[in-house]
Amino acid sequence: MAASSNSSLSGSSVSSDPEDYQPPIWKSYLYQLQQEAPRPKRITCPQEMESRPKYYGREFHGMIPREYADELLAGVEGAYLIRESQRQPGTHTLALRFGHQTLNYRLFYDGKHFVGEKRFESVHDLVTDALITLYIETKAAEYIAKMTTNPIYEHLGYTSLLKDKMVHRLSRGRTGPRRVTFQRDERISSPLVRRSALKDTPENQCSYEKIHNFKVHTFRGPHWCEYCANFMWGLIAQGVRCSDCGLNVHKQCSKLVPSDCQPDLRRIKKVFSCDLTTLVKAHNTTRPMVVDMCIREIELRGMKSEGLYRVSGFSEHIEDVRLAFDRDGEKADISANAYADINIIAGALKLYLRDLPIPVITFDLYSKFIQAAKIPNAESRLEAIHEGLLQLPPAHYETLRYLMAHLKRVTMFEKDNLMSAENLGIVFGPTLMQPPEQNALTTLNDMRQQKLVVQLMIEHEDVLF
């Protein structure tokens with residue numbers, strides 16, 4: 001059997017053209033084992049059981065002893081029945097014959113049948129999946145344990161071809177997208193005054209790293225893992241799929257996949273409430289389009305508006321802007337012709353930042369910034385905030401840098417708009433920083449520090465970024 005582990009079901013090979021790319025040879029060993037797994041054989045009860053729940057069929061035998069169930073199943077691999085527990089009346093047990101012994105599982109129903117994490121429409125499907133899993137994990141335990149040691153993902157140019165294919169799709173029809181890299185001037189001795197310089201490069205891809213967004217997935221028809229090239233066995237929930245780029249892998253392989261997700265625009269359903277890094281990589285931009293477009297519009301016609309960012313626009317109109325971005329993306333019309341009140345655009349920008357699943361100042365760095373704000377010495381406080389900024393994901397850092405530069409320009413019109421750095425800190429503190437535990441008391445206690453962090457980033461924007 002092991003000799004067949006390198007045989008091919010697809011006959012595919014690696015092409016130099018990303019559009020013609022076919023994965024390396026798939027390994028068929030686990031697929032063959034699934035074909036050999038025992039098939040379910042329902043042992044029916046000869047008489048009608050009045051106590052039978054409506055969601056079970058004739059495989060329900062009522063309250064029978066475990067020993068009698070064992071007798072009914074004896075000698076038939078894959079045979080199964082359901083019995084009511086004698087020890088716990090009202091609960092049910094799935095008795096399944098496998099490996100010349102009877103296995104007993106507590107059986108549950110909540111609209112679907114399950115004994116573990118997987119949910120099934122029918123008991124027959126549950127048993128089919130269980131037999132496949134038991135058979136493969138019994139026959140190929142050593143093979144499964146080693147199948148991630150020689151992944152195709154890092155061989156034969158597979159990773160680079162996959163990336164090139166995604167970039168080619170994203171850049172098709174576009175002219176000259178920019179790549180952004182962050183370059184720090186090491187000639188300056190103090191880390192506080194190191195500046196992030198944006199440089200254009202001829203490459204057509206943002207340099208941000210992004211982890212894959214894997215979710216359990218049920219594949220229709222045979223599927224192979226795109227990390228280890230092995231078959232993904234089972235009837236349902238055979239593996240996981242990245243909901244951003246579509247990469248399909250085993251659950252155990254997903255822990256080893258590099259942070260190289262290149263989101264596919266076809267999979268990004270909305271702009272608001274989308275992970276920040278996911279959005280900028282999918283659109284091949286430096287910052288989220290919402291941030292760029294709203295700031296551009298505000299600086300065009302709203303810098304002298306009294307109470308800018310403090311005064312709220314009509315919530316229905318802000319919701320209209322959100323829907324426009326979700327529907328039309330960078331083609332959304334937020335001009336004065338569509339929304340004369342600049343507070344609507346300012347409100348939409350705040351809503352976008354507030355609704356990010358991971359805030360601009362990320363959950364894992366929240367406490368670092370709060371503690372930095374509590375440092376009494378002004379220089380040490382700025383140094384601590386700067387060190388926190390350096391730990392932000394690149395897309396978050398660049399978005400925050402751009403926003404703070406804009407807010408610094410807003411304060412230059414304070415005589416007209418009445419918005420000082422402190423006032424803007426009050427507005428944007430809870431928007432850019434949220435405690436990971438989402439505790440209202442924590443947020444209330446930290447409001448002063450949140451305000452101070454944003455205020456200092458605005459006032460010292462030229463030094464901190």
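Not measured: the values here are computed from a predicted model.
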task = For residues Gln434 and Thr431, report the shortest heavy-atom separation together with the two atoms involved.
result = NE2-O, 3.8 Å
task = Apply ring-ring contact (aromatic ring centres under 6.0 Å, His included) to Tyr29 and Phe231, showing your working.
result = CA-CA 8 Å; Tyr29 177 45; Phe231 179 67; over 10 Å; no
query = Would Tyr227 and Asn248 satisfy side-chain hydrogen bond (donor to acceptor under 3.5 Å, both in side chains), going step by step from the backbone distance to the final call?
reply = CA-CA 8 Å; Tyr227 182 80; Asn248 303 317; over 6 Å; no
Sole residue of Asp260, Thr278, Thr277 in side chain to side chain donor-acceptor pair (under 3.5 Å) with Lys210 = Thr278
ask   = Quick check: does any side chain N or O of Gln391 sit under 3.5 Å from a backbone N or O of Leu365, one acting as donor and the other as acceptor?
value = no
query = For His113, what residues pass the ring pair (Phe, Tyr, Trp, His ring centres under 6.0 Å) criterion, not counting sequence neighbours?
reply = Tyr56, Tyr109
message = Are Ile236 and Phe120 packed together at the side-chain level, in the sense that at least one heavy-atom pair is separated by less than 4.5 angstrom?
response =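 Contact flag for Ile236/Phe120 side chains = yes.
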query = What are the two closest heavy atoms between Pro40 and Leu131, and how far apart are they?
reply = N-CD1, 3.7 Å
request  = For residues His250 and Trp233, establish whether the separation of their ring centroids is below 6.0 Å.
outcome  = yes
task = Indicate the atoms forming the closest heavy-atom contact of Phe363 with Pro435, along with that distance.
result =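 Nearest pair, atom of Phe363 first, then Pro435: CE2-O, 3.8 Å.
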ask   = Does CD in Glu117 sit with more than 12 non-hydrogen atoms of other residues, nucleotides or ligands closer than 6.0 Å?
value =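 No - once you tally the heavy atoms of other residues, nucleotides and ligands closer than 6.0 Å, there are 12 at most.
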remark   = To the nearest 0.5 Å, atom CG of Asp462 lies from atom CE of Met404 at 13.5 Å
key: Distance (rounded to the nearest 0.5 Å) between Leu392 CG and Asp364 CG   =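 So the gap between those two atoms works out to 8.5 Å.
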task = Taking side-chain contact (heavy atoms from CB on, under 4.5 Å) as the test, write out the residues that go with Ala405, two or more places apart.
result =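 Listed in chain order: Arg409, Glu461.
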request  = Report yes if some heavy atom in the side chain of Val240 is under 4.5 Å from a heavy atom in the side chain of His217; otherwise report no.
outcome  =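 When only atoms from C-beta onward are counted, His217 and Val240 do not touch, as no gap falls below 4.5 Å.
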message = I'd like to check Leu424 versus Val410 (side-chain heavy atoms, cut-off strictly below 4.5 Å). Are they in contact?
response =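 Contact flag for Leu424/Val410 side chains = yes.
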ask   = Are any side-chain N or O atoms of Trp224 and backbone N or O atoms of Lys27, one a donor and one an acceptor, separated by less than 3.5 Å?
value = yes
request  = Please determine, by modelled atom types, if Asp320 and Tyr339 share a side-chain donor-acceptor pair under 3.5 angstrom.
outcome  =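 Side chains of Asp320 and Tyr339: no pair found under 3.5 Å.
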request  = Of all the heavy-atom pairs spanning Gly234 and Ile132, show the shortest one and how long it is.
outcome  = N-CG2, 3.7 Å
message = Would Lys215 and Arg241 count as a side-chain contact (heavy atoms from CB on, under 4.5 Å) here? Give the steps.
response = CA-CA 6 Å; Lys215 295 181 180 179; Arg241 168 175 286 175; over 6 Å; no
task = Answer whether the closest heavy-atom distance between the side chains of Glu459 and Lys408 falls below 4.5 Å.
result = no
message = Donor-acceptor check, side chain of Ser122 to backbone of Asp125, threshold 3.5 angstrom: yes or no?
response = yes
ask   = Any donor and acceptor pair, going by atom type alone, linking the side chain of Arg301 with main-chain N or O of Ala340 inside 3.5 Å?
value =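 Yes, the answer is positive, given that a donor and an acceptor are paired below the 3.5 Å cut-off.
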Side chains of Asn213 and Ser243, donor plus acceptor under 3.5 Å = yes
ask   = Would you say Arg381 has more than 12 foreign heavy atoms packed within less than 6.0 Å of its CZ?
value = yes
query = Roughly how far, to the nearest 0.5 Å, is OG of Ser312 from NE2 of His317?
reply = 14.0 Å
query = Do Val290 and Val321 come close enough that some side-chain heavy atom pair is under 4.5 Å?
reply =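 No - every pair of side-chain heavy atoms lies 4.5 Å or more apart.
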note = residues 410-428 vs salt bridge (charged side-chain N to carboxylate O under 4.0 Å, His left out), sequence neighbours excluded, gives Glu422-Lys451
ask   = Between Gln238 and Phe219, is there a donor-acceptor pair closer than 3.5 Å when you use the side chain of the first and the backbone of the second?
value =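 Confirmed, Gln238 side chain pairs with Phe219 backbone.
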ask   = Taking atom NZ of Lys251 as the centre, does the number of heavy atoms from other residues, nucleotides or ligands within less than 6.0 Å exceed 12?
value = no
message = Asn377: which residues meet the side chain to side chain donor-acceptor pair (under 3.5 Å) condition with it, sequence neighbours left out?
response = Ser380
ask   = Would you say the side-chain atoms of Asp326 pair up with the backbone N or O of Val271, donor to acceptor, closer than 3.5 Å?
value = yes
request  = Kindly indicate, with the supporting measurements, whether the criterion side-chain hydrogen bond (donor to acceptor under 3.5 Å, both in side chains) is fulfilled by Glu299 and His406.
outcome  = CA-CA 8 Å; Glu299 295 198 351; His406 161 66; 2.7 Å; yes
ask   = So, the side chain of Asp292 versus the backbone of Arg287: is there a donor-acceptor pair under 3.5 Å, distance only?
value = no
task = State, yes or no, whether a side-chain contact exists between Ser420 and Thr411 at a heavy-atom distance under 4.5 Å.
result =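 A side-chain contact under 4.5 Å is absent here.
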Nearest atoms (heavy-atom pairs only) where Leu265 meets Ala282 =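 Minimum heavy-atom separation between Leu265 and Ala282: CG-O, 3.3 Å.
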inquiry  = Rounded to the nearest 0.5 Å, what separates atom CG in Leu407 from atom CG in Asn423?
reply    =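 Leu407 CG to Asn423 CG: 12.0 Å, rounded to 0.5 Å.
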task = Walk me through it: do Asp244 and Arg267 pass the test salt bridge (Lys or Arg N to Asp or Glu O under 4.0 Å)?
result = CA-CA 6 Å; Asp244 296 333; Arg267 297 180 179 275; over 6 Å; no
request  = Mind checking salt bridge (Lys or Arg N to Asp or Glu O under 4.0 Å) for Arg119 and listing every partner two or more places apart, or none if nothing turns up?
outcome  = Asp110
Note, Val453 side chain near Met457 side chain (heavy atom, < 4.5 Å) =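 With C-beta onward as the side chain, the pair touches.
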request  = Would you please test Arg106 and His92 for side-chain contact (heavy atoms from CB on, under 4.5 Å) and show each step?
outcome  = CA-CA 6 Å; Arg106 177 80 175 273; His92 303 102; over 6 Å; no
query = Hey, mind stepping through Glu319 and Glu316 against side-chain contact (heavy atoms from CB on, under 4.5 Å) and telling me if it holds?
reply = CA-CA 5 Å; Glu319 180 65 13; Glu316 311 90 69; 5.6 Å; no
ask   = Crowded around Ile211 CD1? As in, over 12 foreign heavy atoms under 6.0 Å?
value =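 At most 12 heavy atoms, drawn from other residues, nucleotides or ligands, come within 6.0 Å of this atom.
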Side-chain atoms of residues 346-361: list all donor-acceptor pairs with protein atoms under 3.5 Å, sequence neighbours left out, distances to 0.1 Å.
| residue | atom | partner | partner atom | Å |
| --- | --- | --- | --- | --- |
| Lys350 | NZ | Tyr309 | O | 2.6 |

request  = Please examine the side chains of Leu403 and Leu432, heavy atoms only from C-beta on, and report whether any two atoms are closer than 4.5 Å.
outcome  = yes
